[in-house]
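Okay, structure first, notes after.
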Amino acid sequence: MIIAIDGHSSCGKSSFAKQIADELDILYIDSGAMYRAATLYCFENDIIHAGKLNVDELVQSLDKINIEFRKVQYSAKQHVFLNDKDVEGEIRSLTVSSMVSEVSVVPELRHRLVEIQRNYGDNQSVVMEGRDIGSVVFPNAEIKIFLTASPEVRAHRRFDELIAKGENVSFDEILENLMHRDKIDQSRETSPLVQSSDAVLLDNSNLTPEDQMIWFRDLIKKVKK
Ligand code: DC
């Protein structure tokens, strides 16, 4: 079974997908982590310089960017590896977040990452979350969910998360970054963030994680009928 979860930035797709994966005991893939890892590569190799992405250089470097998920002993979650290095922590910084949408618009990069994502759905059940999972990566997914929440609720959740990690950020900066990413994700030419006509919408602004799972169990019952 393929479960596709798409939606806006910071609306809790990862936590929701992880809950589902744990409950059904299936693989969980965070496709955004792959775009974040590619962005980190750009920062580390001067492909992003003074806030500007060199698209040609990124395209020429694609063969040198190896991104994969691996099970690690120290975490229940699969971690994303960039050229054999665990970058699961580094990719969540505001620096990476500030440029990831610009990197994600590059069609050649998307093409390459979509191929890897599809391989994870070969012969095994997976819950994958991102922006184009139901529309492009797995158009035939059995379950498609479009998750959202109000921008303020999303910014608060992200702010709390980064503050808990000790990052020095302001709420306004987070809200601005989130709205900027939404805008680029929704308006880009290749695989924009859209709600597929066969996706079920869930606004979790006022839902607890447990409420969300109750909603999901109900959905899966209907799909299996
Ligand atoms: O889910 P996230 O916020 O970690 O994703 C980071 C960025 O990656 C997001 O701003 C857009 C991009 N992304 C994408 O273009 N397609 C996906 N399937 C997943 C993420």
Side-chain angles (χ1 to χ4, degrees), residues 2-18 21 28-43 48 53 55 58 65 67 69 77-80 82 87-121 126-139 141 144-149 151 153-155 157-159 161-162 165 167 169 173-196 199 204:
I2 307 280
I3 302 173
I5 304 180
D6 292 300
H8 293 107
S9 297
S10 304
C11 64
K13 294 186 297 295
S14 298
S15 314
F16 192 26
K18 202 174 168 314
Y28 156 53
I29 296 290
D30 167 6
S31 68
M34 303 173 84
Y35 291 95
R36 287 174 178 272
T39 307
L40 182 63
Y41 181 92
C42 293
F43 272 111
I48 294 173
L53 170 70
V55 175
L58 169 58
I65 308 178
I67 296 171
F69 288 91
K77 187 186 170 194
Q78 297 237 8
H79 281 200
V80 69
L82 169 64
V87 293
E88 187 66 37
E90 268 174 273
I91 58 165
R92 312 282 163 197
S93 69
L94 198 55
T95 307
V96 169
S97 299
S98 69
M99 284 301 289
V100 66
S101 283
E102 277 80 354
V103 171
S104 311
V105 301
V106 178
E108 291 86 348
L109 173 72
R110 299 202 68 83
H111 188 76
R112 197 178 164 91
L113 296 188
V114 166
E115 235 172 70
I116 302 171
Q117 289 154 13
R118 286 191 179 137
N119 284 340
Y120 280 110
V126 63
V127 49
M128 194 174 292
E129 49 101 357
R131 303 293 187 291
D132 60 344
I133 309 304
S135 55
V136 174
V137 183
F138 295 117
K144 295 185 188 178
I145 299 168
F146 191 88
L147 195 63
T148 193
V153 166
R154 292 189 277 137
R157 289 176 186 161
R158 190 90 188 108
F159 178 70
E161 212 176 279
L162 289 173
K165 278 191 199 158
E167 283 219 29
V169 289
E173 188 181 7
I174 302 271
L175 183 61
E176 203 178 296
N177 169 258
L178 192 142
M179 297 188 58
H180 172 69
R181 285 202 283 146
D182 283 352
K183 195 167 159 220
I184 299 184
D185 293 347
Q186 286 169 316
S187 60
R188 68 175 173 231
E189 243 170 68
T190 313
S191 319
L193 169 66
V194 281
Q195 182 186 343
S196 307
N204 70 7

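Heads up: numbering here begins at 1 and tracks the sequence. Note that ligands are numbered from 1 as they come in the structure, with each ligand's atoms numbered from 1 the same way.
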Response to the item:
Those residues at least two apart in sequence (or on a different chain) that pass side chain to side chain contact (heavy atoms under 4.5 Å, CB included) with E90 are L40, E44, K85, V87
Worksheet, complete the sentence: Sequence neighbours excluded, the answer for side chain to side chain contact (heavy atoms under 4.5 Å, CB included) partners of E161 is R158
Response to the item:
Residues at least two apart in sequence or cross-chain that pass side chain to side chain contact (heavy atoms under 4.5 Å, CB included) with I184, listed by chain then number, are S101, E102, V105, H180
Worksheet item: Any idea which residues sit under 4.0 Å from ligand 1, heavy-atom distances?
Response: S31, G32, Y35, R36, V100, S101, S104, R110, G130, R131, D132, I133, R181, D185, R188
Worksheet item: Between R131 and D185, does at least one N-O distance fall below 4.0 Å, as a salt bridge requires?
Response: yes
Discussion item. Testing R154, M179, K13 one by one against H8 for a side chain to side chain contact (heavy atoms under 4.5 Å, CB included), which residue passes?
Written reply: R154
Practice prompt. Might you confirm whether atom NZ of K165 has over 12 heavy atoms from other residues, nucleotides or ligands at distances under 6.0 Å?
Written response: yes
